[in-house]
Amino acid sequence: MKTLSVLGSTGSIGTQTLDIVRKSNGELKVCAISGGSNIKLLEEQAREFSPKTVCVGNVELKKDLELSLNDTGIKVVSGNEGLEEVAAHEDADVTVTAVVGMMGIKPTVCAINAGKEIALANKETLVTAGHIIMPLAKEKGVSILPVDSEHSAVFQCIQGENQKQIHKLLITASGGPFRGYTKEALEKVTLEEALIHPNWSMGKKITIDSATMVNKGLEVIEARWLYDISVDDIQVVVHPQSIVHSMVEFDDGSIKAQLGVPDMRHPIQYALFYPDRFDFGLERLDFYKLSSLDFEEPDMEVFEGLRMAYDASRKGGNMPVIFNAANEFAVARFLAGEIRFVEIYELIKKAMNDVDHIENPDLEQILATEKAVYELLGKKN
Ligand code: NAD
Ligand code: MG
């Protein structure tokens with residue numbers, strides 16, 4: 001039996017994680033949950049899973065949540081401090097990091113320092129602070145188990161292999177709703193169109209990241225840290241059906257792939273039960289019904305976000321922080337209807353050109369870089 005602390009329990013990954021707990025026949029328990037501001041759902045989850053602690057990100061909502069849970073004896077905390085408390089909860093064996101964005105860095109560090117295993121969904125943490133997180137996890141002897149489907153696929157492919165004999169990683173990408181578009185066509189896409197993902201149902205930020213293909217760029221950088229491999233040995237392959245979740249090519253030319261229906265509960269359960277597997281009745285792949293599996297090269301001229309991610313990783317230091325923070329800023333503005341889709345790329349480009357480069361940023365410098373990006377891009381022209 002394992003006890004989980006779930007950061008971001010009200011989100012897409014968070015609710016699917018709790019669904020696995022619900023169906024785990026008591027194999028999984030929850031000691032702490034946290035969400036941003038949806039206190040109605042937090043209350044429901046608290047009553048169903050009986051955690052010891054619940055955190056609401058928005059400090060102004062703490063009183064209301066306390067009031068609604070006052071018959072339960074559950075401790076209510078709030079804000080960043082509360083999130084860090086939940087991340088390092090004394091009863092937790094595993095901390096599931098399913099908050100979105102760079103706000104995931106500090107609680108992840110707290111969880112590792114407290115010796116918790118990490119089931120990592122929050123890719124922005126490794127993208128911006130992989131050079132801190134990976135050595136810290138090694139030092140503390142904790143595993144970072146990938147939840148992202150591509151990284152879970154790679155992880156499954158390398159079981160029993162000599163990691164030094166990996167020739168390259170082949171990270172698959174659906175291509176998003178605008179696959180095949182020209183630059184001109186991309187100029188005209190709307191928020192509504194960008195929010196419709198062909199294969200996956202996910203939170204809004206990652207759905208937009210998939211449409212820009214920035215998500216795939218973030219995943220290349222995430223893989224670079226998880227598997228200690230150069231981004232030049234990571235190839236993105238567009239695969240519109242999202243059945244092959246990723247592949248690994250070994251030194252002898254042999255390739256292993258991991259396949260399955262696109263359902264995030266597959267990789268989540270793998271991270272939570274590793275090295276075992278748990279069958280809780282998910283849909284299975286029927287090869288008689290698969291019409292075809294297609295593969296193509298990504299168009300990095302049109303989907304510049306992917307190319308810029310490679311550039312950011314090659315440049316290193318705080319450049320991936322600049323790339324990621326500018327994207328978070330731009331996506332929030334796009335979701336608010338304030339900028340056009342292609343302006344997301346323009347804002348990332350501007351930040352990568354203008355924000356000062358730092359070679360080996362520590363946590364404070366990472367957060368200072370994020371602030372510098374927001375100041376630069378937030379200035380009204
Ligand atoms: P989401 O937007 O659905 O959920 C985010 C969660 O974070 C919510 O519970 C929200 O309430 C919480 N949150 C927001 N602000 C908070 C605050 N101030 N304090 C505490 N909690 C706060 O996002 P998601 O799609 O579940 O994605 C989560 C992470 O997992 C992202 O990093 C994403 O890239 C990654 N990921 C998601 C998927 C997917 O299928 N959704 C797949 C792979 C990776
Ligand atoms: Mg993914």
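Order of listing sets the numbers, starting from 1, for every ligand and every atom in it.
- Judged by the shortest distance from any of its heavy atoms, N38 lies outside the 4.0 Å radius around the atoms of ligand 1.
- Every atom of ligand 1 is numbered from 1 in the order shown, and the set under 4.0 Å from a heavy atom of I13 is 26 (O), 30 (O), 37 (C), 38 (C), 39 (C), 40 (O), 41 (N), 42 (C).
- Ring pair F155/Y270 is perpendicular by interplanar angle, where above 60° counts as perpendicular and below 30° as parallel.
- Around the Mg ion (ligand 2), protein N, O or S atoms at less than 2.8 Å comprise D148 OD1, E150 OE1, E219 OE2.
- Under the 3.5 Å distance criterion, the side-chain polar atoms of T15 are matched with a main-chain donor or acceptor of G11.
- With a 4.0 Å heavy-atom cut-off, ligand 1 is reached by the side chain of E124 but not by its N, CA, C or O.
- Between Y345 and F341, the two ring planes are perpendicular [angle over 60°; tilted spans 30° to 60°].
- With respect to atom 35 (C) of ligand 1, the closest heavy atom belonging to the protein is A121 O, 3.1 Å.
- Summary of contacts: the protein heavy atom closest to atom 18 (N) of ligand 1 is M103 CE, 3.6 Å.
- For I206, every heavy-atom contact with ligand 1 shorter than 4.0 Å involves the side chain, none the backbone.
- Every atom of ligand 1 with a heavy atom of T10 under 4.0 Å away is listed here by number and element: 8 (C), 9 (O), 10 (C), 11 (O).
- Each of the following atoms of ligand 1 lies closer than 4.0 Å to a heavy atom of D148: 43 (C), 44 (C).
- A donor-acceptor pair under 3.5 Å links the side-chain atoms of S5 to the main chain of V86, judged by distance alone.
- By the 30° and 60° cut-offs, the orientation of the rings of F329 relative to Y374 is perpendicular.
- Contacts between K123 and ligand 1, counted as non-hydrogen atom pairs separated by less than 4.0 Å, involve both the backbone and the side chain.
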